[in-house]
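Whatever order the structure lists ligands and atoms in, that order sets their numbers, starting from 1. If you read the sequence from its start, that first residue is 1, and numbering goes on from there.
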Amino acid sequence: MSAGEERFVIVGGKPLRGEVRVCGAKNSVLKLMAASLLTPEECVIHNVPHITDVEIMAEVLRHLGAEVGWEDDTIRVRAGEFAGREAPYHLVRRMRASIVVLGPLVARFGEAKVAIPGGCNIGSRKIDMHLRGLAEMGAEISTEHGYVYARASRLRGRHIVLDFPSVGATENLMMAALGAEGTTVIENAAREPEIQDLAAFLVSMGAEIGGAGTPVLEVEGGAELRGTEHTVIGDRIEAGTFAVAAAVTGGDLTITGVRPEHLALPLEKMRAAGVEVQEGEDDLRVRGGGDYRAVDVATLPFPGFPTDMQPQIMVLLSLACGTSVVTENVFESRFMFVDELNRMGCDITIEGHHAIVRGGRKLSGTEVCATDLRAGAALVLAGLAAEGETQVLDIHHIDRGYQRLEEKLSKLGAEIRRVTGD
Ligand code: UD1
């Protein structure tokens, strides 16, 4: 381990109790920041989490020439008449979601150059649907030297059918369509709450968008977009992570700042496993303890079970009586962290895109490595439930999407510290 590298040291077995407020949704705020490129006026975004992915998106926007100010949980973006059209590899490599500047740049300036994101630790992540949709709208797309070049003197509204309800493709095409002549219909669109938040943001800028939250989006092009002010929705995945934390420690947590309906299926699965869950309008209470039962889970686009909660639920199922089958349908290899969980006492076998989780396990602490953001969260959860000390390495993955996770957990009674170096 290098001297400056940080890790979490966790002593497990402490039930978490109290109230925790989740931050704004990472997967929404990044897109709202990119959407701010659509207007020369200032966009003000509240409830912004302090996480590395937001820092990287701010760098991408600054690299393009936009002014970005960040104070407390408010970000201001002003993308005046700037010259940059390029999202370079050194930034896209650090965060794949940078690809979402493609749609707004083409809509506003008729050109963009964005580094092609590589694969990541959850599988190959293609952008073919983003590019095909743009091409259907009339953009000339070429890929050379690791970059996508998109040029369009004129975009035209089209009827686009996505092969799969891709979140990123839906967002990019929805924003590109705002710069097109006429109406664009996107069929088989993603329905995630973050898509609905982006649509609400765009509508508040003056866009006309119908069908957000349904599989068919209708976007009117050509409206002049103005600055706006918006509060990001709560992060359903952060909330779900705390819900599992309450369950696996036998604790009692009230989780605020999130709409439980955004987490309907994960909460349903937790109930089926024997966890007590009460839903309010903007909060939920989760009480753990007692024996849990095995439950099968299959990830799917919203309103299906979120793939971003798959690693966390695997920890709960490892404690339940019986064998559960977890099927991953969204990403091709999102099980890499399983070996790390098994080192802590889980008994999980992978067969293709199914994980066979044999429950009734007693977890024990050891050194483990976070391979990506949500896998890292799952290892922290396992550490909270385990007997003895767990060290989670490579926590920069966790900092991408959780604001000071260890501080929030400590306030709830967990024994967890961030340690730098040896
Ligand atoms: C977003 C989320 C991520 C979440 C995922 C699925 C952000 C920043 N990230 O990622 O946390 O796990 O949605 O809910 O919002 N695909 C293609 N071709 C394409 C586009 C996607 O084959 O053109 C495939 C991908 O390889 C992947 C699947 O479709 O297997 C889902 O990807 P997508 O919904 O686009 O996810 P992201 O937008 O990358």
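No N or O atom of Glu332 sits closer than 3.5 Å to an N or O atom of ligand 1. Considering backbone and side-chain atoms alike, Asp128 places an N or O below 3.5 Å from some N or O of ligand 1. Of the polar atoms of Ala97, none of the N or O atoms is found under 3.5 Å from an N or O of ligand 1, judged by distance alone. Considering backbone and side-chain N/O atoms, Asn27 comes within less than 3.5 Å of an N/O atom of ligand 1.
Under 4.0 Å from ligand 1, not a single heavy atom of Leu131 appears. Under 4.0 Å from ligand 1, the heavy atoms of Lys31 that appear belong solely to its side chain. When heavy-atom distances to ligand 1 are checked against a 4.0 Å cut-off, Val167 comes that close through both its backbone and its side chain. Contact annotation: for Phe164 versus ligand 1, heavy atoms closer than 4.0 Å belong to the side chain alone.
Cation-pi geometry between Arg85 and Phe109 is satisfied (NZ or CZ under 6.0 Å from the ring centre, within 45° of the ring normal).
Within ligand 1, counting atoms from 1 as listed, the ones closer than 4.0 Å to a heavy atom of Met129 are 16 (N), 17 (C), 18 (N), 19 (C), 20 (C), 21 (C), 23 (O). Atoms of ligand 1 lying under 4.0 Å from at least one heavy atom of Gly168, given by number and element, are 35 (O), 38 (O). Counting the atoms of ligand 1 from 1 in the order shown, those under 4.0 Å from a heavy atom of Arg334 are 12 (O).
With a 6.0 Å radius and a threshold of 12 heavy atoms from other residues, nucleotides or ligands, Glu140 has its CD atom at or below the threshold. Within a 6.0 Å radius of NE2 in His145, no more than 12 heavy atoms belonging to other residues, nucleotides or ligands are found.
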Thr183 vs Glu220, side-chain hydrogen bond (donor to acceptor under 3.5 Å, both in side chains): CA-CA, chis, key distance, verdict: CA-CA 5 Å; Thr183 312; Glu220 292 301 328; 3.1 Å; yes
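Of the N and O atoms on the side chains of Thr349 and Arg358, at least one donor lies less than 3.5 Å from an acceptor on the other residue. Side-chain contact, Thr307 with Thr299: no donor N or O sits under 3.5 Å from an acceptor N or O.
The backbone N or O of Ile99 sits less than 3.5 Å from a side-chain atom of Asn172, completing a donor-acceptor pair.
The heavy atom nearest to atom 6 (C) of ligand 1, out of those in Asn329, Asn172, Thr170, Thr307, is found in Thr307.
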Acceptor/donor pairs from residues 56-74 side chains to any protein atom, 3.5 angstrom cut, sequence neighbours excluded:
unit_1: Arg62; atom_1: NH2; unit_2: Val68; atom_2: O; d: 3.0
unit_1: Trp70; atom_1: NE1; unit_2: Asp72; atom_2: O; d: 3.2
unit_1: Thr74; atom_1: OG1; unit_2: His46; atom_2: ND1; d: 2.9

